[in-house]
Structure formats: C-alpha cells, structure tokens
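The next block holds one structure in the form of structure tokens; read it before the comments.
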Amino acid sequence: MARPFRFGVNLMSPAPAGEWRAKCRRAEELGYDVMLAPDHLGMPAPFPALVAAAEATERPRLGTFVLNAGFWNPALLAREVATTDALTDGRLELGLGTGYVQAEHETAGLPWGSPGERVDHLRRTVEELERLLGSEDQQPQSAQKRVPLLIGANGDRMLRLTAEHADIAAFTGARTRDGGVLEPLAAEELDERVTLYRKLAAGRAEPAELNLLIQIVIVTDDPGAAIQPWLSRIPHLTEQQVLELPIVLVGTLDDIVGRVRAQRDRFGFSYLTVLEPNMEVFAPVIARLREA
C-alpha cells in the first residue's frame, strides 16, 4: 500500500503579524498539511514563526525545514523544541540539516568547517536531542512523547544518519557545490540516492516517510516556453532535461498530477514540500490528488 500524500509549504518571506497569520490561514484553506519555516538569515526566525502559525490555524502540522545545525547548541535547541511543541499543542515536526551556505556562518560569526565536521556536528546534535527530549528530567517537556524528526540529506553519511534516526527522510533532489550552489539531480541520480537510503534503512522497525522538496511548479500548456527563464540558472542541462528533473513540475494540471503519482510509485515520495512562491499554483494539484 502506498503511503497517503502529505503536502507542506515552506514559508520564507517575513511579514508583519497580521499578514503572517493571514498567509498561514490561506495555506490551511488550500489544503496544506504542514506549514514549514526555513533557517536562513534574512528569513523569519523559525520557532516564533511556527508558534504564530499555530495560533492562526487549527489543522496543519508545523515544522522546521530545515534547521541549520551549525547555528544551534543542542541543549538550547532542546529547550526551543520542547517549548514550541508545548505551545503548539504537539503539532511540531523538527527538521534538521547541516546547512550549506558558508556566507551565513561568516555573517553570524560561527565556524563553517569541512563537510565531515558539519555532519559530525549534526550527528552529535541529533543524539543529544534524543537524550534530552527523551528524559523525564528535561524541562520544559514537549507535548509529544517524541517530536517527529526530519533530516534533509543527500550524501552517503547523511543518508546513514537519516536511516538511523529520522522519522521523515527528506531528499533535497540536489547536490551542494562550492559556495552553497545547489545542482539538481537527474531522476537516475536520485534513484541511486533513494536506493542507498533504503539499503541503509533495511533494519528499521518502522519505515520512514519520504519527502521531496519541489523547486519549480508551473501549470501551463506550453512547458518549453514556461521553463525558459530557468535555463540560464542550469546551463549544463537542456530544456528537456530540466523538465524531467524530479524537483521540477511543469505542465498541464493533469500532467503534474500524473508526475506526482508516478514519483511516489518510483521513489516513494509521499510527502512533498513546495516553496512559498508556489503555494497558490500547487493548490489545484493537492485538490486533485485528494479526490483519488
């Protein structure tokens, strides 16, 4: 049996209180299951943003997508997680990653380190959070016995960590190049990553939910014309190769709905996240998939 779809939206744009609450209510009206906050400088601080989102809505879960572990001390993060989960009545889902933008660390006066050092820090953070949040002595206490953990991963060590600890395995659908540039993965490359994850996770008692972050959503009768503005950002790929990327959904509504179902069948992605600029345009896709 295929896992039921869930849909999240990553809310990235700062807004005054009234606008933020209205935006969150609109996401709920459109059928999103999870409202998410990223962890980048220049964007809303994740935890207060999620508490405000909870106050404005009733149904959606709330998540970080994803916290940059290099910004956080595990003990202080455990306090934030427990407090936020309590204030949102147990609706929190905690997303963690290594971070990929060196300039943000430099601006914050924090060490960047090598890729291996960043993965090591994330592992220590995950293990310490599990210890602290699982302790009866921890104060404050979270509302959930276990706050679901999402880890955003692509590399081998990150996939192993995800297989060992995460309730939700989030695939970036891209690799990170120097300077924090994301280079998208072709379907065959993503297949290889998912296959490795499944091998590493073979001994799990409960399978994780698989997530994919969708970067581009355009409903159109002319995909070739619609994708033209994006081609200069991915100059090594042809128009057809860009349209076939798993993180790109461009075509008619029927085409996109079909692709989402096909990617669940092929990769197992039942939880899809879109970026805030695509919140409205993706909503008809959600509605169609709910009809099935």
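Small disclaimer: the values here were computed from a predicted structure and weren't measured. For the single chain, residues carry numbers from 1 onward in sequence order.
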Shortest non-hydrogen pair, Ser270 vs Arg3, comes out as OG-CD, 3.2 Å
What are the two closest non-hydrogen atoms of Cys24 and Ala56, and how far apart are they? CB-CB, 4.5 Å
Does the side chain of Val219 come within less than 4.5 Å of Thr252's, by heavy atoms? no
Would you kindly say whether Glu136 and Gln141 are connected by a side-chain donor-acceptor distance under 3.5 Å? no
Which residue pairs pass the side chain to side chain donor-acceptor pair (under 3.5 Å) test with at least one member in residues 206-216, sequence neighbours excluded? Arg6-Glu209, Asn211-Thr273
Is any side-chain heavy atom of Leu149 less than 4.5 Å from a side-chain heavy atom of Leu129? no
Please test Thr64 against Leu67 for side chain to side chain contact (heavy atoms under 4.5 Å, CB included), starting from the C-alpha separation and ending with a verdict. CA-CA 6 Å; Thr64 56; Leu67 293 185; 3.7 Å; yes
So, Gln138 side chain and Gly134 main chain: donor-acceptor pair closer than 3.5 Å or not? no
Linked, directly or transitively: Trp112 and Leu41 (ILVMFWY side chains, under 4.5 Å): no
Can you say whether the rings of Phe47 and Trp72 are parallel (under 30°), tilted (30 to 60°) or perpendicular (over 60°)? perpendicular
Would you confirm whether Glu164, through its side chain, and Leu161, through its main-chain N or O, come within 3.5 Å as a donor-acceptor pair? no
Nearest heavy-atom contact between Arg259 and Glu244 is NH2-O, 3.5 Å
So, do Leu159 and Asn154 sit near enough that their side-chain heavy atoms are less than 4.5 Å apart? no
Arg264 versus Phe5: any side-chain heavy-atom pair under 4.5 Å? yes
Do His105 and Pro111 make a side-chain contact, defined as non-hydrogen atoms from C-beta onward lying under 4.5 Å apart? no
Donor-acceptor pair, Ser135 side chain versus Leu132 backbone, under 3.5 Å? no
Side chains of His40 and Asn68: donor-acceptor distance under 3.5 Å anywhere? no
Aromatic ring centroids of His121 and Phe71 under 6.0 Å? no
Given a cutoff of under 4.5 Å between side-chain heavy atoms of I, L, V, M, F, W and Y, with clusters grown through shared members, what are the other residues clustered with Leu275? Met12, Val34, Leu36, Met43, Phe65, Val66, Leu150, Ile168, Leu213, Tyr271
Can you check whether Val147 reaches Ser142 side chain to side chain, under 4.5 Å on heavy atoms? yes
Only one of Ile214, Val257, Val274 passes side chain to side chain contact (heavy atoms under 4.5 Å, CB included) with Leu249; say which it is. Ile214
Please check if the side chain of Thr57 supplies one atom and the backbone of Arg59 the other of a donor-acceptor pair under 3.5 Å. no
Looking at Pro14, Pro48, Pro44, which hits side chain to side chain contact (heavy atoms under 4.5 Å, CB included) with Trp20? Pro44
Leu87: which other cluster members, linking ILVMFWY side chains closer than 4.5 Å, directly or transitively? Val51
Compare all side-chain heavy atoms of Pro148 with those of Arg61 and state whether any distance is below 4.5 angstrom. yes
